[in-house]
Amino acid sequence: MKYLIRSVKYCIYLAIMLTVFIFVLVALKVVSPGIDGVFTNGARAVWQIAGILVVFSAIYPALGFGRRTAVVHGPFEEVKDGVIEEMHIRGYVLESCEGEKMTFRAKSPVTRLFRMFEDRVTMLKTLSGFELEGPVKDLVRVIGGLENRFRQ
């Protein structure tokens with residue numbers, strides 16, 4: 001269900017961005033107003049673009065969200081404060097901590113809005129460190145920071 005919600009969010013987001021972009025082009029008189037002036041194939045191009053948006057929106061959540069492992073040695077209680085501090089440096093605040101599972105959200109409301117409120121990073125302590133789940137581009141940065149901070 002989460003996948004479907006993300007797909008719909010991205011489809012709406014991309015449609016809004018494309019619409020704003022087209023309005024800016026028309027307002028700057030780069031293209032002439034009207035469907036035939038904006039698109040080469042007229043109304044047929046609108047359906048083609050809509051199809052591309054739907055396909056891209058259906059694929060992106062599979063590529064944009066995932067799980068990764070950060071190698072962080074030490075018991076949870078010893079590394080917990082350092083993890084929270086590192087996440088704070090990276091622009092996240094602790095949302096919840098249940099047992100050895102921590103959930104973080106972006107600090108900035110603007111960041112959260114631009115990410116369509118899909119900014120949650122979840123960390124679960126495992127034997128090898130932490131298993132992180134969230135947006136892949138954020139996981140890469142967070143894992144690099146955590147592994148660098150706790151390198152022994």
Side-chain angles (χ1 to χ4, degrees), residues 1-72 80 82-126 128-149:
M1 189 65 175
K2 194 185 281 190
Y3 189 91
L4 178 64
I5 291 169
R6 283 181 179 153
S7 293
V8 170
K9 280 182 179 181
Y10 277 100
C11 190
I12 292 168
Y13 186 72
L14 289 172
I16 290 170
M17 286 178 50
L18 181 62
T19 303
V20 168
F21 183 70
I22 291 170
F23 279 129
V24 167
L25 290 176
V26 170
L28 294 174
K29 299 184 182 187
V30 174
V31 295
S32 60
I35 197 87
D36 292 323
V38 174
F39 300 110
T40 303
N41 293 333
R44 195 174 117 192
V46 173
W47 291 110
Q48 293 168 345
I49 292 170
I52 291 169
L53 286 177
V54 168
V55 169
F56 183 75
S57 299
I59 294 171
Y60 183 73
L63 303 174
F65 295 87
R67 287 188 174 155
R68 303 285 190 271
T69 301
V71 179
V72 176
K80 177 183 173 185
V83 169
I84 292 171
E85 185 178 325
E86 185 66 30
M87 290 300 284
H88 183 72
I89 291 168
R90 304 238 171 245
Y92 285 89
V93 292
L94 183 64
E95 182 181 46
S96 68
C97 183
E98 300 167 2
E100 293 187 344
K101 180 180 179 181
M102 296 184 287
T103 304
F104 296 89
R105 298 299 299 254
K107 275 189 277 193
S108 168
V110 174
T111 301
R112 295 190 68 214
L113 180 66
F114 280 122
R115 293 182 182 176
M116 295 173 290
F117 301 97
E118 295 288 346
D119 59 331
R120 181 176 283 126
V121 174
T122 304
M123 303 174 115
L124 178 64
K125 183 70 172 127
T126 62
S128 62
F130 283 95
E131 185 173 302
L132 287 79
E133 182 177 358
V136 172
K137 65 180 181 174
D138 292 341
L139 295 183
V140 171
R141 287 189 292 245
V142 168
I143 289 170
L146 288 172
E147 289 180 347
N148 189 44
R149 181 183 193 103

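Sequential numbering from 1 along the given sequence is applied to the chain's residues.
The shortest heavy-atom contact between Arg6 and Pro61 is CB-CG, 3.9 Å. In this structure, Val26 and Pro33 approach most closely via the heavy-atom pair CG1-CB, 4.0 Å. Smallest separation of non-hydrogen atoms from Ser57 and Leu14: OG-CD1, 3.8 Å. Across all their heavy atoms, Ser128 and Thr69 have their closest contact at OG-CG2, 3.6 Å. Between Pro135 and Val121, the shortest heavy-atom distance links the atoms CD-CG2, 4.4 Å. Residue Glu147 comes nearest to Val71 through the heavy atom pair OE2-N, 2.9 Å, listed as atom of the first residue, atom of the second, then distance.
Using a 4.5 Å heavy-atom cutoff, the side chains of Val136 and Leu63 are not in contact. Within the 4.5 Å cutoff, the side chain of Ile12 has no heavy atoms near those of the Met116 side chain.
The NZ atom of Lys9 lies 11.5 Å from the CG atom of Leu4; values are rounded to the nearest 0.5 Å. Atom-to-atom distance recorded for Lys80:NZ and Met102:CE is 7.5 Å, nearest 0.5 angstrom. Here the CG-CZ distance, from Leu124 to Phe130, works out to 8.5 Å after rounding to the nearest 0.5 Å. Distance check, rounded to the nearest 0.5 Å: SG of Cys11 to CD1 of Ile16 gives 10.0 Å. Going from atom CD1 of Ile5 over to atom CD of Glu118 covers 8.0 Å, rounded to the nearest 0.5 Å. In this structure, CE in Met17 is found 11.0 Å from OH in Tyr10, a value given to the nearest 0.5 Å.
Counting heavy atoms of neighbouring residues, nucleotides and ligands inside a 6.0 Å radius, atom OH of Tyr3 exceeds 12 of them. Annotation: Arg67, atom CZ; neighbour count of heavy atoms from other residues, nucleotides and ligands within 6.0 Å does not exceed 12.
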Could you go through the side chain to side chain contact (heavy atoms under 4.5 Å, CB included) check for Ile89 and Arg149 one step at a time?
CA-CA 12 Å; Ile89 291 168; Arg149 181 183 193 103; 4.0 Å; yes

Evaluate Ile143 against Leu132 for side chain to side chain contact (heavy atoms under 4.5 Å, CB included), listing each step before the verdict.
CA-CA 8 Å; Ile143 289 170; Leu132 287 79; 4.1 Å; yes

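In this structure Phe23 satisfies the side-chain contact (heavy atoms from CB on, under 4.5 Å) test together with Thr19, sequence neighbours excluded.
Across Arg115, Arg105, Arg90, a single residue satisfies salt bridge (charged side-chain N to carboxylate O under 4.0 Å, His left out) together with Asp138, and that is Arg115. Between Phe104 and the choices Val93, Leu94, Val142, the side-chain contact (heavy atoms from CB on, under 4.5 Å) rule is met once, by Leu94.
Side chain of Lys101 to backbone of Thr122: no donor-acceptor contact under 3.5 angstrom is found. Judged by distance alone, the side chain of Tyr92 and the main-chain N or O of Glu86 form no donor-acceptor pair under 3.5 Å.
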